[in-house]
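Each chain gets a letter, A, B and so on, in the order its sequence line appears, and its residues count up from 1. Both backbone and side-chain heavy atoms feed into the values below; hydrogens, waters and symmetry mates do not. Please read all numbers here as calculations on a predicted model, not as lab measurements.
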Number of protein chains: 4
Amino acid sequence: MRADARRNRELIVTTALGLFAEHGTAVSMEEIARTAGLGVGTLYRHFPDRQALVEEIALDTLRRLMTFSEAVTTGDGPCWQALRLVVEHCAGLPLALIRSLSPATTANPELARLERDLNALFERLAKGAQEEGTLRGDIPPGEVVGLLNVAVCRPGARADDHLTTVILDGLRR
Amino acid sequence: MRADARRNRELIVTTALGLFAEHGTAVSMEEIARTAGLGVGTLYRHFPDRQALVEEIALDTLRRLMTFSEAVTTGDGPCWQALRLVVEHCAGLPLALIRSLSPATTANPELARLERDLNALFERLAKGAQEEGTLRGDIPPGEVVGLLNVAVCRPGARADDHLTTVILDGLRR
Amino acid sequence: MRADARRNRELIVTTALGLFAEHGTAVSMEEIARTAGLGVGTLYRHFPDRQALVEEIALDTLRRLMTFSEAVTTGDGPCWQALRLVVEHCAGLPLALIRSLSPATTANPELARLERDLNALFERLAKGAQEEGTLRGDIPPGEVVGLLNVAVCRPGARADDHLTTVILDGLRR
Amino acid sequence: MRADARRNRELIVTTALGLFAEHGTAVSMEEIARTAGLGVGTLYRHFPDRQALVEEIALDTLRRLMTFSEAVTTGDGPCWQALRLVVEHCAGLPLALIRSLSPATTANPELARLERDLNALFERLAKGAQEEGTLRGDIPPGEVVGLLNVAVCRPGARADDHLTTVILDGLRR
DNA sequence: GATGAATGAGGGTTCATTCAT
DNA sequence: GATGAATGAACCCTCATTCAT
């Protein structure tokens, strides 16, 4: 893929994400293209239909989250610290938007795999934190992840809002 | 209002709520009418436009919730018990759907008032529970309500799912 | 026909005419009925469809005009005087509206007959005025009537506006 | 603008004008598109809504009239001759239709300006004709224009019909 | 007989998608 | 390859008309 094509592709994803976040999910393909400074034709050259674009936005965000999470997990610092960092990172991501864009488990297999892998990674982190004694032990790791998902995929979630804080505090031992 | 008209009005609200829950917010007015066994015209006679129908669904649900909450609060049993009942009742309601239908505080004043009143009621309950010593005292009542809102307005929330349980347990003293 | 029925019928015609004049031809049957303080059903009992109502409005107006014109013509005063009176009366009538309601010669036979008769009467008047020497003789009576029609069926025509005056002056000898 | 787009735009205006003239103002956008051999979408790409199309028709006609009038006025022949030519040209134009499409002074500023300018030009012509002694001097130029407007904006006006003739004759000295 | 609720065809408009330039 | 014009299905909504109350 030529450099400019790649740049256009990324431009489209970014623009679409921004428009969805600001003006809601109903933004038209035309407007996305126009805002990106491209013709609709170009948009459709990169994404065969709207669904494909939406999925790419989700994939793009979750891939970045995965990258971040892996980086944070790799070191051998305490799991709690990693968990906290990941949660705070999540809170800055448009996860609620992505949920609303492609509700439930989409048919897209890569998306499904990513979600599974992310949940698995979080679960490992939760388990580790419980073992190191920084996370309450009376909740099964799976449930902890569920809780965190709720906290982090809620519309308007931010890293430093009270709710994120309260939930993290509540989980801490 | 004639008896049949009232019946139709309720039928429409119920049908629309069901369709929204099952097939998403994008269901067309035509389909709502057809599913209800009515003509579109009838639907529009009862609700001047889509927005009005959506707001009525929200109002209808929140009014019932208010009625329930007041009934439960009136008795002089422990606040914790009332709070638990209300939360479990909420979990059976399509609150996430309603959120997504009329995001944030709608322009509709009655809706806004209802939301305010419900939150106030919950806050009184939380405060009461803290005073009677059944609810953790280290979280301000407003935050407790925020937490519960998140728990209860999440898509797919159910009274007996683990998350609701965990959150209630986490709040208990 | 019972007295109240007759009253309702006239009320409808008057109301409809008023609404058409004020808010344009597109006023709905519903609104006409509501403004008249009746149900649509009653309206439809009197007029089988919209067209019938529109034609009745035209008939009603033209019948009154005919009555007036005949009264004015019957006396044996000068034709010019009669013509002037009729023209001024016309200018106060919603003739432009009626034209736009039922454009050209409607299929309605009574309406067609009335228009024919009115034109004939005007032509007699014009001819008479020419014979008594008060109206320019260099325009055939039929054309005079055509001119007057234009003057009098124009939207916004009023008895005392400049155009009516100018045209009458222009025809005077 | 691409050549085919421009062609389509003109095709739409022409087609719509023809349909309005033949079948009345109520012709649907769908039918206009179909008659023009285009999809509705194309029609809406060129004109954001019905009103815009209607205004374009009016603008288009009045712009042509202005061009013609200026051309005819530029020469230094007698004003009466110019006036006669313009009036006859008008009579071939769908001015009555345009009046009924966008009644009175529309909100559209260019349309308003054009009407003003045309009236001003006619008034200059009338004044000039009075000064050269070819037009009756006993009617103020503004009124002459009013009269001509009535003659020329009447439904069914034609350059060679008796009424136009009579009015022109009546104004001649 | 009066009422107004119900009907549904039809109109204006949007927008995902295709395709000529 | 990029552009944006064209397409038409589908949506929201209106309103003349019918019919149950």
Side-chain angles (χ1 to χ4, degrees), chain A residues 1-2 4-5 8 26-34 36-54, chain B residues 1-9 12 26-34 36-53, chain C residues 1-2 4-5 8 26-34 36-54, chain D residues 1-9 12 26-34 36-53:
Chain A
M1 182 182 280
R2 266 163 45 181
D4 59 339
N8 275 347
V27 177
S28 72
M29 297 297 267
E30 186 80 36
E31 183 163 359
I32 295 170
R34 189 170 358 104
L38 302 168
V40 244
T42 307
L43 197 162
Y44 275 91
R45 164 165 300 275
H46 286 285
F47 303 98
D49 56 23
R50 185 177 236 270
Q51 181 61 20
L53 170 58
V54 158
Chain B
M1 183 182 263
R2 255 160 53 180
D4 56 342
R6 174 180 308 280
R7 239 179 299 119
N8 277 343
R9 187 183 172 94
I12 289 167
V27 178
S28 75
M29 296 298 266
E30 185 77 35
E31 182 160 359
I32 295 170
R34 191 169 356 104
L38 299 169
V40 241
T42 305
L43 200 160
Y44 277 95
R45 161 174 286 272
H46 286 285
F47 304 99
D49 55 25
R50 183 176 240 272
Q51 181 62 17
L53 171 57
Chain C
M1 183 183 276
R2 265 162 46 182
D4 58 339
N8 274 348
V27 176
S28 74
M29 297 297 266
E30 186 79 36
E31 184 163 359
I32 294 170
R34 190 171 357 101
L38 301 169
V40 243
T42 307
L43 198 161
Y44 274 91
R45 164 166 299 275
H46 285 285
F47 303 98
D49 56 24
R50 187 178 234 272
Q51 182 61 21
L53 171 57
V54 158
Chain D
M1 185 184 262
R2 256 161 52 179
D4 57 341
R6 175 180 307 279
R7 237 179 301 119
N8 276 343
R9 188 185 170 91
I12 289 168
V27 178
S28 75
M29 296 298 266
E30 185 78 34
E31 183 160 359
I32 295 170
R34 189 168 359 100
L38 299 168
V40 241
T42 305
L43 200 160
Y44 277 94
R45 162 173 286 273
H46 287 285
F47 304 99
D49 55 23
R50 184 176 237 272
Q51 180 62 18
L53 171 57

Are C:Glu31 and C:Arg34 packed together at the side-chain level, in the sense that at least one heavy-atom pair is separated by less than 4.5 angstrom?
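Side chain of C:Glu31 against side chain of C:Arg34, heavy atoms only: contact under 4.5 Å found.
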Assess whether side chain to side chain contact (heavy atoms under 4.5 Å, CB included) is satisfied between C:Leu43 and C:Leu38, documenting all intermediate values.
CA-CA 7 Å; C:Leu43 198 161; C:Leu38 301 169; over 6 Å; no
What distance do B:Ile12 atom CD1 and B:Arg45 atom CZ have between them, rounded to the nearest 0.5 Å?
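Reported value, rounded in 0.5 Å steps: 11.0 Å.
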Can you tell me how far CG of A:Asn8 sits from NE2 of A:His46, rounded to the nearest 0.5 angstrom?
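Taking NE2 in A:His46 and CG in A:Asn8, the distance rounds to 5.0 Å.
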What is the separation between atom [atom1] on [X] and atom [atom2] on [N], rounded to the nearest whole Å?
{"X": "D:Ile32", "N": "F:dG8", "atom1": "CD1", "atom2": "P", "value": "17 Å"}
{"X": "B:Arg6", "N": "E:dA6", "atom1": "CZ", "atom2": "C1'", "value": "18 Å"}
{"X": "D:Ile12", "N": "F:dT7", "atom1": "CD1", "atom2": "C1'", "value": "13 Å"}
{"X": "C:Leu53", "N": "F:dA16", "atom1": "CG", "atom2": "P", "value": "10 Å"}
{"X": "C:Arg34", "N": "F:dA16", "atom1": "CZ", "atom2": "P", "value": "12 Å"}
{"X": "A:Met29", "N": "F:dT7", "atom1": "CE", "atom2": "C1'", "value": "16 Å"}

Return the 5'-most residue of the pair A:Val27, D:Glu30 with respect to DNA chain E, ranking by each residue's nearest nucleotide.
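This one resolves to D:Glu30.
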Closest-nucleotide 5' rank along DNA chain E - winner of A:Ala26 and A:Pro48:
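Final value for this comparison: A:Ala26.
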Full working for side chain to side chain contact (heavy atoms under 4.5 Å, CB included) between D:Met29 and D:Leu53:
CA-CA 10 Å; D:Met29 296 298 266; D:Leu53 171 57; 4.3 Å; yes
Which atoms of nucleotides 1-3 of chain E (N or O only) lie under 3.5 Å from a protein N or O atom, and what are those distances?
unit_1, atom_1, unit_2, atom_2, d
E:dG1, OP2, C:Arg45, NH1, 3.2
E:dA2, OP2, C:Arg45, NE, 3.3
E:dT3, OP2, C:Gly39, N, 3.4
E:dT3, OP2, C:Thr42, OG1, 2.7

Report yes if a side-chain nitrogen or oxygen of D:Tyr44 is closer than 4.0 Å to either non-bridging phosphate oxygen (OP1 or OP2) of E:dT14; otherwise report no.
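Negative; the distance criterion is not met.
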Whenever both distances are under 3.5 Å in a Watson-Crick or G-U wobble pair, mark it; put DNA chain E into dot-bracket that way, with [ ] for crossing pairs and | when the partner is on another strand.
.||||||||||||||||||||
